[in-house]
Amino acid sequence: MPQDKLIIFDTTLRDGEQAPGIALTPDEKLTIARQLARLQVDVIEAGFAAASDGDFYGVSQIAKLVKGPVIASLARCTPDDIDRAYDAVRHAERHRIHVFQSTSPIHMERMLRKTPAEVMQSIIESVRRARRYTDDVEFSPQDATRSDPDFMIATCQAAVREGATTINIPDTVGFATPQDYVGLLSRVYDEVLGGRDDVIVSTHCHNDLGLAVANSLTAIHAGARQIEGAINGIGERAGNTSTEEVIMAVTTRQDHFGVEVGANTAEIVPTSRLVSRLTGYPIQFNKAVVGRNAFAHESGIHQHGVLRDRETYEIMDPESVGATSQIVLGKHSGRAGFADALAKLGIVLEDDQFNEAFVAFKEMADRKVEINEQELRAIIRHGSRRVPDAIRMVSMRVRGGTDVEPTATVVVTRGEGSETEEFTGTGGGMVDATFAALKRASGLDPHLLDYRVVPVTSGADAMAEVNVVIQIDGMSRSGRAISTDVVEGSGHAFVEALNRVLNAGAGTPA
Ligand code: KIV
Ligand code: ZN
């Protein structure tokens with residue numbers, strides 16, 4: 001019988017960070033890793049150490065400073081990757097090297113240009129090498145669900161012979177159905193482990209068909225005792241299994257899954273919001289567990305039921321996942337009231353972040369009578385995003401209407417202490433005109449990859465969160481801002497994205 005404990009392996013900082021437009025700094029990664037440790041996940045895949053010097057630094061910082069979870073780094077089947085992975089994780093209290101190699105015909109023939117025999121040899125040598133460094137080695141046959149099952153299983157058997165302690169079966173392209181996946185994992189459990197209880201079978205599912213969480217959970221019935229996921233389900237393409245959904249599914253339906261997780265569920269919502277804030281990826285309103293509607297009841301019948309007994313329509317207690325509510329501030333609220341509200345929300349800010357957030361709150365309170373919890377969180381999310389200003393929008397004015405060509409004029413400074421300058425642009429609407437003016441101001445001509453305005457609350461004076469993703473020279477960067485004025489917020493979000501491009505030294509001047 002497999003153990004009763006389900007290992008939660010979180011890859012927000014590796015696979016999650018591979019999502020388009022996400023580029024976390026090493027400090028941001030460290031902040032997320034510390035929060036994942038508070039959430040008490042078992043393993044943090046901190047990155048792919050060999051991918052770049054920045055990745056290496058990010059992984060080693062986390063290995064040195066984050067206590068509790070096992071710290072893992074991904075590595076291809078090459079000596080350099082494995083050496084680099086070990087070098088990055090070796091400072092951790094407990095560390096893991098996660099070795100992967102593709103085993104599907106399409107990956108081996110088209111991508112790797114290796115024969116199955118060569119692939120097998122590379123796996124044997126790599127797991128052997130990793131095992132010389134640590135006794136915690138994970139092996140993943142990439143694209144396992146499109147591989148010849150016999151060959152894929154043979155590679156896992158070889159990895160176990162060489163000392164791999166976790167065998168992870170990736171549904172790399174999100175192709176499997178729950179039946180496929182449970183069938184494959186049952187074979188792995190029987191044929192690779194063959195009764196051993198010192199090797200763990202793990203899942204790693206992508207969400208291309210929206211089945212990632214279902215596939216991962218079903219595999220528990222086939223003996224899987226590790227699930228890999230990312231917070232908010234972020235990751236390549238449609239993303240990964242959502243870590244928080246897995247934690248709450250096995251906690252809420254312990255009767256069904258019969259396994260336990262060690263996670264501190266009250267840290268789920270704070271973790272989800274932190275990841276959303278630092279990655280710039282908004283959380284879908286109706287996202288299970290962490291969406292803003294996950295515990296909202298709209299219809300009268302539902303509200304009536306919940307008032308009588310919460311469990312009439314709620315299978316999870318909002319407090320058990322760290323969701324709280326009912327905080328309202330106004331323009332008369334001072335620093336103490338503001339600090340008290342943050343404390344109630346479990347938000348801890350450094351002094352300078354607090355000051356910045358307080359200024360942003362006061363500005364917003366001048367425009368809005370009441371500021372509630374969601375708006376407060378939006379202010380904090382925005383206030384503590386620190387992107388150095390290569391360009392700063394000091395003010396703006398727009399002209400538009402049914403008979404006027406939309407025109408925007410922005411007043412900017414370009415660099416610390418520089419004089420203000422004015423730039424004008426026109427466009428199909430006022431937002432378009434603002435972006436045109438800002439392109440002129442920055443000297444860049446990026447492609448607008450994504451533009452979204454999300455109201456934080458309802459009402460004509462609603463605060464909206466604007467998300468912009470731009471692309472230039474193959475690099476995509478996001479920007480985000482909040483405002484009660486959509487055009488102004490769009491301008492600030494665009495400037496933030498431009499600054500990220502300028503700070504990265506990319507971009508061909510227009
Ligand atoms: O999806 C995948 O195959 C992966 C592996 C590297 C584990 O992320
Ligand atoms: Zn993956």
Side-chain angles (χ1 to χ4, degrees), residues 7-20 22 43-52 55 59 70-78 81-82 84-85 88-89 96-108 110-112 119 122-123 126-127 130 136-147 149 151-153 155-156 159 164-176 180-181 184-185 188 192 200-213 215-216 219 224 226-243 246 279:
I7 298 168
I8 300 293
F9 176 117
D10 186 87
T11 185
T12 306
L13 296 172
R14 199 278 296 169
D15 211 324
E17 215 233 355
Q18 287 173 216
I22 298 183
V43 185
I44 296 176
E45 187 163 51
F48 183 178
S52 69
D55 280 69
V59 178
V70 173
I71 307 298
S73 170
L74 187 68
R76 285 164 298 196
C77 278
T78 69
D81 265 37
I82 291 161
R84 203 87 174 120
V89 297
R96 175 178 295 188
I97 301 178
H98 177 188
V99 177
F100 77 101
Q101 178 64 291
S102 292
T103 53
S104 66
I106 184 166
H107 278 212
M108 290 191 291
R110 304 276 175 80
M111 192 170 75
L112 300 177
V119 163
S122 73
I123 293 167
S126 302
V127 173
D136 188 345
V137 174
E138 173 168 332
F139 169 65
S140 294
Q142 188 174 212
D143 206 13
T145 52
R146 292 191 302 168
S147 301
F151 176 66
M152 187 277 285
I153 285 173
T155 63
C156 296
T165 42
T166 301
I167 295 296
N168 178 47
I169 306 299
D171 183 22
T172 305
V173 290
F175 179 69
D180 295 338
Y181 199 60
L184 192 61
L185 267 80
V188 172
V192 178
I200 296 285
V201 175
S202 164
T203 73
H204 179 105
C205 298
H206 280 267
N207 206 29
D208 299 64
L209 295 174
L211 293 171
V213 172
N215 285 346
S216 307
Q226 173 174 287
I227 291 185
E228 302 196 354
I231 297 292
N232 299 335
I234 59 173
E236 285 281 1
R237 307 178 311 280
N240 282 82
T241 296
S242 292
T243 301
V246 168
T279 57

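In this chain, residues are counted from 1 in sequence order. Counting starts at 1 for both ligands and their atoms, in listed order.
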Minimum side-chain heavy-atom gap P170-P141 below 4.5 Å: yes
Heavy-atom side-chain proximity of V119 to S102 below 4.5 angstrom: no
Note, F48 side chain near D81 side chain (heavy atom, < 4.5 Å): yes
Nearest protein heavy atom with distance in Å, relative to atom 4 (C) of ligand 1: H204 NE2, 3.5 Å
Check: V137 main-chain N/O paired with T165 side-chain donor or acceptor under 3.5 Å: yes
Pairs flagged by salt bridge (Lys or Arg N to Asp or Glu O under 4.0 Å) wherever residues 230-239 is involved - sequence neighbours left out: D208-R237
T172 side chain to D143 backbone, donor-acceptor under 3.5 Å: yes
Check: T166/N168 side-chain N/O donor and acceptor closer than 3.5 Å: no
Contact partition for T172 relative to ligand 1, non-hydrogen atoms under 4.0 Å: both
Any N/O pair H98/ligand 1 closer than 3.5 Å: no
Over 12 foreign heavy atoms within 6.0 Å of CZ, F175: no
Protein N, O or S atoms lying under 2.8 Å from the Zn ion (ligand 2), listed by chain and number: D15 OD2, H204 NE2, H206 NE2
Shortest heavy-atom approach to atom 1 (O) of ligand 1 - which of E228, Q101, R76, H206: H206
H206 (side chain) donor-acceptor with G239 (main chain) under 3.5 angstrom: yes
Residue and atom name of the nearest protein heavy atom (relative to atom 5 (C) of ligand 1), distance in Å to one decimal: R14 NH2, 4.0 Å
Under 3.5 Å: donor-acceptor pair, side chain of S73, backbone of A49: yes
C205 and Y181, any side-chain heavy atoms less than 4.5 Å apart: yes
D143-ligand 1 polar pair, N/O distance under 3.5 Å: no
Ligand-side contact atoms (ligand 1) for residue partner Q142, heavy atom cut-off under 4.0 Å: 3 (O)
Contacting atoms of ligand 1, where contact means under 4.0 angstrom from a heavy atom of P170: 2 (C), 3 (O)
N/O separation below 3.5 Å, N168 to ligand 1: no
Contact atoms of ligand 1, heavy-atom distance to F100 under 4.0 Å: 6 (C)
